[in-house]
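These notes concern the structure reproduced below.
This structure is a prediction, so every number in the text was calculated from the model and none was measured.
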Amino acid sequence: MNEFSGLPAEARQNPFVYFFIFLIIAGCLVFIAIHFIQKRIKAVRTSEKWIKMNSTRPTNFKDVKSFSKLAELTKDERDYLWQICKDYNARNIKYLSRSKEEIDAIFKNEYQDLCVLENLEDKIELLFSIRYKIEKLREKQIQIKTSRSLHPGLELTYYDSEKRIWKFKLTENLGDTMKLSLPAGFMESGAHPKPFTRINFSLTPSINHTYKMQTRIIRYEKDKEGNDIMVVTSTNMLSPILKRNAKRIQILDNQPCEFSAVRLKNEGKNQSYEVLEHRYKGILLDVSATGCSIKCSLPIKKGQYIKADFSLGPAGVIETIGTIIVTNRIPGENQYILHINFTEIEKSTQNTIYAYIYNYNPI
């Protein structure tokens with residue numbers, strides 16, 4: 001009797017066991033089917049024919065909506081970009097954004113159209129904000145991951161403990177190691193780190209994307225011409241450090257400028273600026289719509305307000321008020337670099353700077 005007492009219960013359980021096994025098998029088959037479908041879709045969407053077809057078709061709102069998320073556009077920027085795409089019958093924005101020439105042609109035409117009208121500074125500002133975010137997205141998509149990608153001739157900046165700026169140049173990239181030419185006076189200054197220690201550089205391999213790079217010094221030696229060089233290891237420790245709100249451009253022709261000290265006056269809840277009479281001369285090194293750098297002979301401290309006046313060619317004379325956020329001494333020279341953040345600047349002046357940087361001349 002005991003031999004057969006459990007059989008009815010086992011018989012009742014078997015259908016549930018079979019059903020459970022069936023579910024597992026069905027799930028595996030569905031998973032395999034989804035995998036092959038996804039693989040097929042990916043193969044189609046990476047085919048030359050599909051890419052060509054989608055890159056040349058007109059932009060639709062779905063494209064703009066998807067692209068706006070990637071570029072972190074605001075709703076106003078997204079709507080304006082969609083209007084631009086419709087007005088210019090622009091091809092798929094995902095692919096159009098990769099062509100600087102095509103994007104600039106459209107945005108330049110739009111800028112020139114806006115300049116014909118009056119009181120559109122807010123819209124012009126919106127236009128340049130979209131343009132810069134498109135540029136930042138493209139930079140992010142081609143972000144450098146390793147020092148092996150760096151090309152000879154690239155300038156690397158090192159700040160020592162005394163905030164002095166030293167400019168190195170990459171002379172050879174050998175894959176596992178890199179050779180850097182040393183700036184004049186570096187070895188004699190006592191600022192050079194010892195071999196086998198880590199060293200941090202900042203570098204700008206593209207126009208508007210600055211990286212921090214940490215590497216290790218192997219040794220100092222002389223090249224074939226007898227010049228001192230630093231040999232460092234290759235590294236994957238590169239990370240973007242520059243997240244500006246506006247594009248910055250270097251001024252290469254020793255553009256003279258003038259500046260004056262400014263006294264900040266607090267009048268209750270309001271603030272005003274008093275520009276002092278004495279004017280000083282300097283050299284404009286770079287500029288953006290939110291700040292600039294000036295080379296001068298004065299070691300002005302961080303936090304000082306100044307009024308800066310400089311010319312940007314056809315753009316005319318620019319007048320701004322800002323505060324010094326960093327002052328760096330140039331080794332071997334009685335010169336300093338003042339890094340200035342604009343605190344008082346007209347929107348029309350900002351747009352003029354944007355236009356100068358992007359070379360969008362009014363009609």
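- Note: Tyr211 OH to Met237 CE = 15.5 Å, rounded to the nearest 0.5 Å.
- Using a 3.5 Å distance cut-off with no hydrogens or angles, the side chains of Gln83 and Asp79 do not pair a donor with an acceptor.
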Original post:
Which is it for Glu72 and Lys136 under the salt bridge (charged side-chain N to carboxylate O under 4.0 Å, His left out) test, yes or no, and what are the steps along the way?
Top reply: CA-CA 10 Å; Glu72 300 180 356; Lys136 285 203 298 183; over 6 Å; no
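- Counting only N and O atoms by type, the side chains of Glu77 and Ser129 include a donor and acceptor under 3.5 Å apart.
- With a 4.5 Å cut-off on side-chain heavy atoms, Pro58 and Asn89 count as touching.
- Among pairs with a residue in residues 176-197, those fulfilling ring pair (Phe, Tyr, Trp, His ring centres under 6.0 Å) read Trp166-Phe186, Phe168-Phe186, His192-Tyr220, at least two apart in sequence or across chains.
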**OP:** Evaluate the ring pair (Phe, Tyr, Trp, His ring centres under 6.0 Å) criterion for residues Phe128 and Tyr111: first the C-alpha distance (whole Å), next the side-chain angles of each, then the deciding distance (0.1 Å), finally the verdict.
**Re:** CA-CA 9 Å; Phe128 283 119; Tyr111 170 71; 5.4 Å; yes
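- In this structure, a donor-acceptor pair under 3.5 Å is present between the side chains of Thr157 and Lys167.
- Looking at Asp104 and Lys100, a side-chain N of the basic residue comes within less than 4.0 Å of a carboxylate O on the acidic one, giving a salt bridge.
- Taking the side chain as every heavy atom from C-beta outward, Ile283 and Ile294 never approach each other to under 4.5 Å.
- Under 4.0 Å is where a charged nitrogen must lie from a carboxylate oxygen, and between Lys281 and Glu258 at least one such pair does.
- Take Lys212 and apply the side chain to side chain contact (heavy atoms under 4.5 Å, CB included) test, not counting sequence neighbours, and it matches Asn200, Ser239, Ile241.
- Partner of Arg248 under the side-chain hydrogen bond (donor to acceptor under 3.5 Å, both in side chains) criterion, chosen from Thr290, Thr204, Asp286: Asp286.
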Subject >> Steps toward salt bridge (charged side-chain N to carboxylate O under 4.0 Å, His left out) verdict (Asp113, Lys123) >> reply: CA-CA 11 Å; Asp113 287 346; Lys123 198 162 188 178; over 6 Å; no
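- Ile106 and Leu117 fall within the same hydrophobic cluster, defined by Ile, Leu, Val, Met, Phe, Trp and Tyr side-chain heavy atoms under 4.5 Å apart, directly or through other members.
- Using a 4.0 Å cut-off between charged nitrogen and carboxylate oxygen, Asp122 and Lys347 count as a salt-bridge pair.
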**OP:** Kindly determine whether Thr327 and Lys302 satisfy side chain to side chain contact (heavy atoms under 4.5 Å, CB included), including the steps that lead there.
**Re:** CA-CA 6 Å; Thr327 297; Lys302 173 183 176 181; 5.5 Å; no
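- Checked by atom type and distance alone, the side chain of Ser97 pairs as donor or acceptor with a backbone atom of Ile93 at under 3.5 Å.
- The shortest side-chain heavy-atom distance between Leu180 and Ile229 does not fall under the 4.5 Å cut-off.
- No side-chain donor-acceptor contact under 3.5 Å links Asn92 and Thr59.
- Side-chain atoms of Asn109 come within 3.5 Å of backbone atoms of Ala105 as a donor-acceptor pair (strictly under, hydrogens ignored).
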Original post:
Step by step, would you call Arg98 with Arg138 a side chain to side chain contact (heavy atoms under 4.5 Å, CB included)?
Top reply: CA-CA 7 Å; Arg98 301 175 186 178; Arg138 186 58 182 151; 3.9 Å; yes
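- When Lys163, His339, Arg164 are each tested for a side-chain hydrogen bond (donor to acceptor under 3.5 Å, both in side chains) with Asn328, only one passes: His339.
- Salt bridge present: Glu102 and Arg91 bring a charged side-chain N and a carboxylate O closer than 4.0 Å.
- Ser147 contributes a side-chain N or O that, together with a main-chain N or O of Thr235, makes up a donor-acceptor pair within less than 3.5 Å.
- Neither side chain, Thr171 nor Ser181, offers a donor N or O lying under 3.5 Å from an acceptor on the other.
- Side-chain atoms of Tyr80 and Glu110 form a donor-acceptor pair, as typed in the model, at a separation below 3.5 Å.
- Of the possible donor and acceptor atoms, none in the side chain of Thr197 sits under 3.5 Å from a partner among the backbone N and O of Pro193.
- A donor-acceptor contact under 3.5 angstrom links the side chains of Glu121 and Asn351, judged on distance only.
- Side-chain N/O atoms of Glu274 and Tyr305 include no donor and acceptor closer than 3.5 Å.
- Using a cut-off of 4.0 Å between Lys/Arg side-chain N and Asp/Glu carboxylate O, Asp309 and Lys307 are scored as salt-bridged.
- At a cut-off of 3.5 Å, with distance as the only test, a side-chain donor of Thr233 or Thr215 sits close to an acceptor on the other residue.
- A salt bridge links Asp228 with Lys222: the closest approach of a Lys/Arg side-chain nitrogen to an acidic carboxylate oxygen falls below 4.0 angstrom.
- Nearest heavy atom pair, residue His151 against residue Leu170, reads O-CD2, 3.4 Å.
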